[in-house]
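Remarks on the structure that follows.
Keep in mind the model is a prediction, meaning the values are calculated, not measured. Proteins come first, then strands; the chains are lettered A, B, ... in the order of their sequence lines, and each starts at number 1.
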Number of protein chains: 2
Amino acid sequence: MTTKERIAEEALNLFSVKGFRGTSVKNIADAVGIKDSSLYKHYKSKKEIFDGIVLEMRKRMENMSQYIGLPDDSDIQASARMYGELTLENLLELSRKIFLFYLTDDFISKFWRVATMEQYQNEEIYDIFRHIFMEESITYQTLVFREMIRNGIFIEVNPEVIAINFYTPIFFLLSKYNGRAEGKAEGLEILENQIKEFYRIYRKKNV
Amino acid sequence: MTTKERIAEEALNLFSVKGFRGTSVKNIADAVGIKDSSLYKHYKSKKEIFDGIVLEMRKRMENMSQYIGLPDDSDIQASARMYGELTLENLLELSRKIFLFYLTDDFISKFWRVATMEQYQNEEIYDIFRHIFMEESITYQTLVFREMIRNGIFIEVNPEVIAINFYTPIFFLLSKYNGRAEGKAEGLEILENQIKEFYRIYRKKNV
DNA sequence: GTCTATACCTGGATAGAC
DNA sequence: GTCTATCCAGGTATAGAC
């Protein structure tokens with residue numbers, strides 16, 4: 001790993017705990033093991049380090065669904081078919097995957113925290129946060145659930161309403177446990193109960 | 001209003017946008033219309049202003065249910081009875097009340113933002129935030145829904161699971177729209193759809 | 001590309017006059 | 001209780017030697 005990459009990494013570590021303003025260039029340099037002045041050979045300002053992190057997040061956004069292990073957006077019908085014989089176990093696995101990805105993926109979970117702290121001072125950060133953590137997942141799941149209704153797997157309810165009922169418990173648990181590793185097991189347990197109930201509500205009974 | 005109170009008020013205004021570290025004592029003094037040095041006659045440090053805000057929040061916590069207009073905790077059965085002939089309109093009103101209280105109450109909504117920003121650097125703040133915005137409402141609603149099941153108004157499902165399904169969309173919408181006044185109407189519309197669906201799911205049909 | 005040294009500024013806080 | 005003046009620490013950033 002280049003020094004430039006190590007700077008970005010340590011900066012994200014620090015930003016995700018102490019925030020942008022709470023982290024000094026010296027803090028970052030110390031973590032990397034160089035003097036603060038040396039850091040300026042790699043980035044011309046502290047803000048530029050931050051912007052690099054934002055850029056990296058934007059890049060990952062583009063192929064987020066691969067990261068979560070979801071089928072590609074371009075083929076919603078296929079994914080709905082994939083969930084064709086949707087069992088409770090399938091659904092639990094999917095929800096756990098999304099939850100644990102956001103919660104434990106190193107870059108994503110730290111970015112969640114940084115964005116949470118910076119959202120009110122930085123419109124761009126809020127837009128990214130909202131897009132990734134509040135809209136994308138719901139938009140995607142809406143399309144999937146719509147197909148599942150069409151295929152007679154789910155009962156006939158507005159698919160966006162279903163998607164919100166699917167996602168908001170996950171969002172809530174992420175808000176509660178991100179940055180608190182101890183809570184992972186507790187979060188998973190609550191999630192399991194919610195998903196079981198979700199399945200009970202929306203899975204069409206085979207007649 | 002005393003100068004001391006005005007300092008606390010302006011400090012909260014600034015903290016809720018720029019965070020604790022992002023706000024200087026001079027910023028606060030300017031907003032109040034005094035010199036920064038004069039501020040120290042009222043508070044002995046910037047941290048003390050912050051602690052005063054936290055203390056105020058703790059005080060409000062104690063009689064939070066009154067603020068939301070909910071019946072007192074001590075009489076859960078009465079409130080369940082109050083919801084006895086629970087109509088969709090009752091439930092919509094209740095959810096709107098909770099949502100709009102957290103979203104538009106001046107002190108509470110600003111505290112939400114401050115706590116959101118400071119939670120990772122300040123364990124006490126995280127504890128308060130979690131308690132007020134993540135646990136209290138669910139705990140309370142769990143008790144109410146349990147009574148409603150007992151009274152045959154709601155179908156028989158684990159009441160905590162129901163409470164989480166009731167509250168997490170509200171929490172999500174608060175996260176999305178707190179500090180963004182423009183989004184209030186949009187949030188209310190989404191909330192309405194979710195509550196209608198909630199009612200459809202849990203309200204026992206009269207046989 | 002790393003270091004030492006330094007410039008420059010802002011922020012928190014105190015002293016003392018009025 | 002407000003002001004001016006001041007101190008000191010820490011923060012961002014640059015210059016220049018190696």
Using a cut-off of 4.0 Å on non-hydrogen atoms, how would the nucleic acid contact of A/Thr23 be classed: base, sugar-phosphate, or nothing?
-> sugar-phosphate
Gap between atoms NZ and C1', on B/Lys35 and C/dA17 respectively (whole Å) | 16 Å
Ignoring backbone atoms, establish whether B/Tyr40 has a side-chain N or O less than 4.0 Å from OP1 or OP2 of C/dA13.
-> yes
Find the distance A/Arg21:CZ to D/dT12:C1' and express it as a whole number of Å.
-> 12 Å
Between P of C/dG11 and NZ of B/Lys46, the distance in whole Å = 9 Å
Fit a plane to each ring of A/Trp112 and A/Phe171, take the angle between them on a 0 to 90° scale, and name the class: parallel (under 30°), tilted (30 to 60°) or perpendicular (over 60°).
-> tilted
Looking at B/Arg6 and B/Glu9, does any basic side-chain N land under 4.0 Å from a carboxylate oxygen?
-> no
Cation-aromatic face contact A/Arg180/B/Tyr126, 6.0 Å, 45 degrees = yes
Take B/Gly22 and A/Ser37, find for each the nucleotide of DNA chain C with the closest heavy atom, and name the residue whose nucleotide sits nearer the 5' end.
-> A/Ser37
May I ask you to establish whether A/Lys18 and B/Tyr120 are in a cation-pi arrangement, using a distance under 6.0 Å from NZ or CZ to the six-membered ring centre and at most 45° from the ring axis?
-> no
For atom NZ of A/Lys26 and atom P of D/dG11, their distance in whole Å = 8 Å
Return no unless some side-chain N or O of A/Ser38 is found under 4.0 Å from OP1 or OP2 of C/dG1.
-> no
Rounding to a whole Å, what distance do you find between B/Lys41:NZ and C/dC18:C1'?
-> 12 Å
Please state how far atom CD1 in A/Ile7 lies from atom P in C/dT2, giving the value in whole angstrom units.
-> 7 Å
Rounded to the Å, how far apart are A/Leu39 CG and C/dC3 P?
-> 11 Å
What nucleotide among C/dT2, D/dT12, C/dA13 has an atom nearest to a side-chain atom of B/Ser45?
-> C/dA13
Mind checking B/Ser24 for me? I need base, sugar-phosphate or nothing, with any heavy atom below 4.0 Å counting as a touch.
-> sugar-phosphate
To the nearest Å, how far apart are B/Ile28 CD1 and C/dT10 C1'?
-> 15 Å
Is a salt bridge present between A/Glu62 and A/Arg58, judged by a nitrogen-to-oxygen distance below 4.0 Å?
-> no
